[in-house]
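All heavy atoms count here, side chains included; hydrogens, waters and symmetry mates do not.
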Amino acid sequence: MVVRLSDASGGDGGVIIDVRAERNPDSHGVAVEELQRRLLEFGFVEGARIEVIHEGAIRHDPIAVRLDDMRVALRRRDAEDVFILLDTAQP
């Protein structure tokens, strides 16, 4: 199943299939193109493995993810622009 990273919960993991900064462009505080560039520079690229490892206490924001071999924290509203293919559920 494909979901926005912002909709994933702790423990969810998968593979990034798209980074598309398009949603609520005024809510990020930077231009859409700048946000997309920043996400790509941090390593949010197609094919990267990702797992949600922590969610903040207030409104589950920010979130921390394991992105390949590093850990990155980002605001949930910025995570809206990262699309992931979730791993299939294990029995």
Original post:
About how many Å separate CZ of R77 and CG of L35, when rounded to the nearest 0.5 Å?
Top reply: 10.0 Å
Original post:
From I63 CD1 over to S6 OG, what is the distance, rounded to the nearest 0.5 angstrom?
Top reply: 7.5 Å
Original post:
Cation over ring, R4 on F83, under 6.0 Å and within 45°?
Top reply: no
Original post:
Are more than 12 heavy atoms from other residues, nucleotides or ligands located less than 6.0 Å from atom CE of M70?
Top reply: yes
Original post:
Under 4.0 Å between a Lys/Arg side-chain N and an Asp/Glu carboxylate O for D61 and R59?
Top reply: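 No salt bridge links D61 with R59.
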Original post:
So do I84 and V2 actually touch side chain to side chain, heavy atoms under 4.5 Å?
Top reply: no
Original post:
Quick one: are R71 and I53 in side-chain contact, heavy atoms under 4.5 Å?
Top reply: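 A side-chain contact exists here, since the closest heavy-atom pair is under 4.5 Å.
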Original post:
Mind checking what makes side-chain hydrogen bond (donor to acceptor under 3.5 Å, both in side chains) contact with E55, not counting sequence neighbours?
Top reply: R76
Subject >> Reference residue L5; test side chain to side chain contact (heavy atoms under 4.5 Å, CB included); the match among I16, D12, V19, V65 >> reply: V65
For residues 37-52, which side-chain donor-acceptor pairs fall under 3.5 Å, sequence neighbours excluded?
residue: R37; atom: NE; partner: E34; partner atom: OE1; Å: 3.2
residue: R37; atom: NH1; partner: E41; partner atom: OE1; Å: 2.8
residue: R37; atom: NH1; partner: E41; partner atom: OE2; Å: 2.5
residue: R37; atom: NH2; partner: E34; partner atom: OE1; Å: 3.2
residue: R37; atom: NH2; partner: E34; partner atom: OE2; Å: 2.5
residue: R38; atom: NE; partner: E34; partner atom: OE2; Å: 2.9
residue: R38; atom: NH2; partner: E34; partner atom: OE2; Å: 3.4
residue: R49; atom: NH1; partner: G14; partner atom: O; Å: 3.4
residue: R49; atom: NH1; partner: D87; partner atom: OD1; Å: 3.1
residue: R49; atom: NH2; partner: D87; partner atom: OD2; Å: 2.9
residue: E51; atom: OE1; partner: R66; partner atom: NH1; Å: 3.0

